[in-house]
2 protein chains.
Amino acid sequence: MATLKQVAAHADVSVQTVSNALNAPHRLRPDTLRRVNQSIEALHYRPNRNARSLRTSAVELIGYCVPSPPNGQAHLVMDQFLHALCSAAETTGRHILLFTAPTGLEGMPTYEDLLARRLVDGFVLSQTQTHDPRHGWLKEQRIPFVSFGRVWKETSQPGPFVDVDGAAGCAAATRHLYATGRRRIAFLSWPKSSGLAEDRMGGWRQTCKELGLPTTGLAKRCPKDSIEAGARATAELLDAAEPVDGIVAVSDVLALGVLRELGARGYTAGVDVGVTGFDDSPLASVVSPGLTSIRQPMDEIAGALITLLTGPAGTGTEHLLQPELVIRGSSAPG
Amino acid sequence: MATLKQVAAHADVSVQTVSNALNAPHRLRPDTLRRVNQSIEALHYRPNRNARSLRTSAVELIGYCVPSPPNGQAHLVMDQFLHALCSAAETTGRHILLFTAPTGLEGMPTYEDLLARRLVDGFVLSQTQTHDPRHGWLKEQRIPFVSFGRVWKETSQPGPFVDVDGAAGCAAATRHLYATGRRRIAFLSWPKSSGLAEDRMGGWRQTCKELGLPTTGLAKRCPKDSIEAGARATAELLDAAEPVDGIVAVSDVLALGVLRELGARGYTAGVDVGVTGFDDSPLASVVSPGLTSIRQPMDEIAGALITLLTGPAGTGTEHLLQPELVIRGSSAPG
DNA sequence: CTGAAAGCGCTTACAG
DNA sequence: CTGAAAGCGCTTACAG
């Protein structure tokens, strides 16, 4: 492996000049720059990042804690998220370092350790829980981080965050069902303790009000995010005196439960009942009819996360992004 | 941040001694070691990894290229894989560095670059394609790597690999269906170009032979890995003169197609027809009845990958691991 | 615009 | 078992 010194010798300049050619090319005379670049090329030179980091004390690495799968449901869009995050980081010359840590506050020493050993410059948090304790802790320790997702505290959120406007997404889904002729639209949610679900449900409720649609008895909270729970809630909605003709689900998994119950009763999703999910996970395009779902704009999310974490101080501290309704057969046949 | 020097001063020893306390504690007298450790504790010292890496020229980071999602189907067990890989790496003091690269040979310069800049010590390859060109290229460049998955070349595979014995998995699934009374067991596969699918199918075929079961007309190749394709193939199998009573699918997605077609015809999976999938993805436990599926032992896989990549030279070069049949309602009701 | 030199925080022969 | 010193490969004030 060639070093800066060797390149300098080859180009007959000082190491300072080669370093400048790499990091501040405008400081060089064009012909000098060209000569240096030729030497770099000739020697196949690649700057050693460790040496640079040691000197500048910036490693250009961002830590991301891989959620442990047993810990809850599978993260069905994690591959999308990680790819977007990685791409966004790379546009700024950075990379993602993966690590594992215990859940919640217990994992915090791991974060501190990684930073102290200079393995990373900061962290991206995801899988944010309602009242997640990590954010406050990190902020207190002055550890750089940015969050994907809100902690849904009454007070202002510690640290910068990026999130998707779930209420707007569910409002769009509700309007879409209305536009396709639905007039009794239910909402399938998670337990009340989920700030995320409450936010999304708010979008549905508000839109129903605006459209003059009923909401009484149409909000169902499923105890778990499972197909089973979604199917059960759907059964209740269909058995009611006034059955529903549209269902907005807070997740794709619950929506799949809706589809199953509809199928079991011989109904056709998209014809008899319009159905929408949330996340546009692989599940959505794999079922038939396809599941209309609310897609989180992963590339924008990732870009905003990286900007907030690494950008200049005045970059702002929160981004609320608009999701996109992906329409498939479950809400609009043909 | 405290440095080695400061710890040495605090403990009243030389830096060499502090370094030894960290990297070769047996060289110190017990009381010296204790004194040094107290100073480390008191100053909250954490060794700077960049300085260490610069000196030793080992960064203890392993590169993993995140597959781009549009590139094919979603990687449904990627979160499991990454978590296992990360954990395994951490038991050796290493971490995973994520990056993106173009598919196939086009991405190779990125690998070379990451190694040359000393961002990683080597690579873990996954999403291995049949006749994957990356392995040969990396081996030729003497870039350290290990592969999850075989390239299914006629000649010996370039470089070390870890894989799961798909044939054994499908043999187990076939035996299981036989044990639950099935006598006409079909196999749903991918196109013949997939070495992976051919291997798995071989396990089914061999086992059928051993059990005296028919195979003629019972191997179906689905053009795509989709629910649709699985359902269509199932329809053919059920419409045949002699319908099947068991189906081993090469993937969970195809198996879901089987379940859908069975449901559409009023059959019950696990009662009328026994069904198994492959991968034990989140899909398998989310449907109802649950899908019996062949689980890849992620922790073992990850451990073997890390060992092969980072272990001493004589660690061997290939590991073929045994998968585990996870039995759910689709093959054995109640 | 360019050069000589210090120093980032470690590890590791080399002496004692 | 311990210490003084060199050096890993960069960046960056500081002079010229």
Q.
Looking at B:E60, is its backbone amide N or carbonyl O close enough to the side chain of B:D121 to form a donor-acceptor pair, meaning the two atoms are under 3.5 Å apart?
A. yes

Q | Closest-nucleotide 5' rank along DNA chain D - winner of B:V13 and B:L54 | A | B:V13

Q. Can you tell me if CG on B:D113 sees more than 12 non-hydrogen neighbours from other groups inside 6.0 Å?
A. yes

(Q) Can you confirm whether A:L98 sits close enough to B:H95 that some side-chain heavy atom of one is under 4.5 Å from a side-chain heavy atom of the other? (A) no

Q.
I need the NZ-P distance between B:K5 and D:dA4, as an integer number of Å.
A. 12 Å

Q | Value in whole Å for how far the P atom of C:dC8 lies from CG of A:N48 | A | 18 Å

Q. So, do A:E324 and A:P297 sit near enough that their side-chain heavy atoms are less than 4.5 Å apart?
A. no

Q. Dot-bracket for DNA chain C, 5' to 3', with Watson-Crick and G-U pairs under 3.5 Å, [ ] for crossing pairs and | for other-strand pairs: what is it?
A. |||.||||||||.|||

(Q) Quick check against the 3.5 Å criterion: does B:R118 have a side-chain atom that pairs as donor or acceptor with the backbone of B:V120? (A) yes

Q) Salt bridge or not for A:R295 and A:D279, using N-O below 4.0 Å? A) no

Q.
In whole Å, I'd like the distance from the CZ atom of A:R46 to the P atom of D:dC8.
A. 21 Å

Q.
Around atom NE2 of A:H131, are there more than 12 heavy atoms from other residues, nucleotides or ligands closer than 6.0 Å?
A. yes

Q) Below 6.0 angstrom between ring centroids: does that apply to A:F148 and A:F81? A) yes

Q. Quick one, which residues of residues 24-39 of chain B touch DNA chain D with a heavy atom under 4.0 Å?
A. B:H26, B:R27, B:L28, B:R29, B:T32

Q: Step through it carefully: locate the ring centre of A:F123, locate the ring centre of A:F99, and say whether they are under 6.0 Å apart.
A: yes

(Q) Are the side chains of B:P67 and B:Q127 in contact, using a 4.5 Å heavy-atom criterion? (A) yes

Q.
Tell me whether B:S87 contacts the main-chain N or O of B:H83 through its side chain, where contact means a donor paired with an acceptor under 3.5 Å.
A. yes

Q. What integer distance in Å separates B:Q6:CD from C:dG9:P?
A. 8 Å

Please tabulate the protein-to-nucleotide N/O contacts below 3.5 Å involving nucleotides 11-15 of chain D, giving atom names and distances.
{"residue": "D:dT11", "atom": "OP1", "partner": "A:N23", "partner atom": "ND2", "Å": "2.9"}
{"residue": "D:dT11", "atom": "OP1", "partner": "A:R52", "partner atom": "NE", "Å": "3.2"}
{"residue": "D:dT11", "atom": "OP2", "partner": "A:S19", "partner atom": "OG", "Å": "2.6"}
{"residue": "D:dT11", "atom": "OP2", "partner": "A:N23", "partner atom": "ND2", "Å": "3.4"}
{"residue": "D:dT11", "atom": "O2", "partner": "A:R55", "partner atom": "NH1", "Å": "2.4"}
{"residue": "D:dA13", "atom": "N6", "partner": "A:Q16", "partner atom": "NE2", "Å": "2.7"}

Q.
Can you tell me which nucleotide in D:dG9, D:dG3, C:dT2 comes closest to the side chain of A:T3?
A. D:dG9

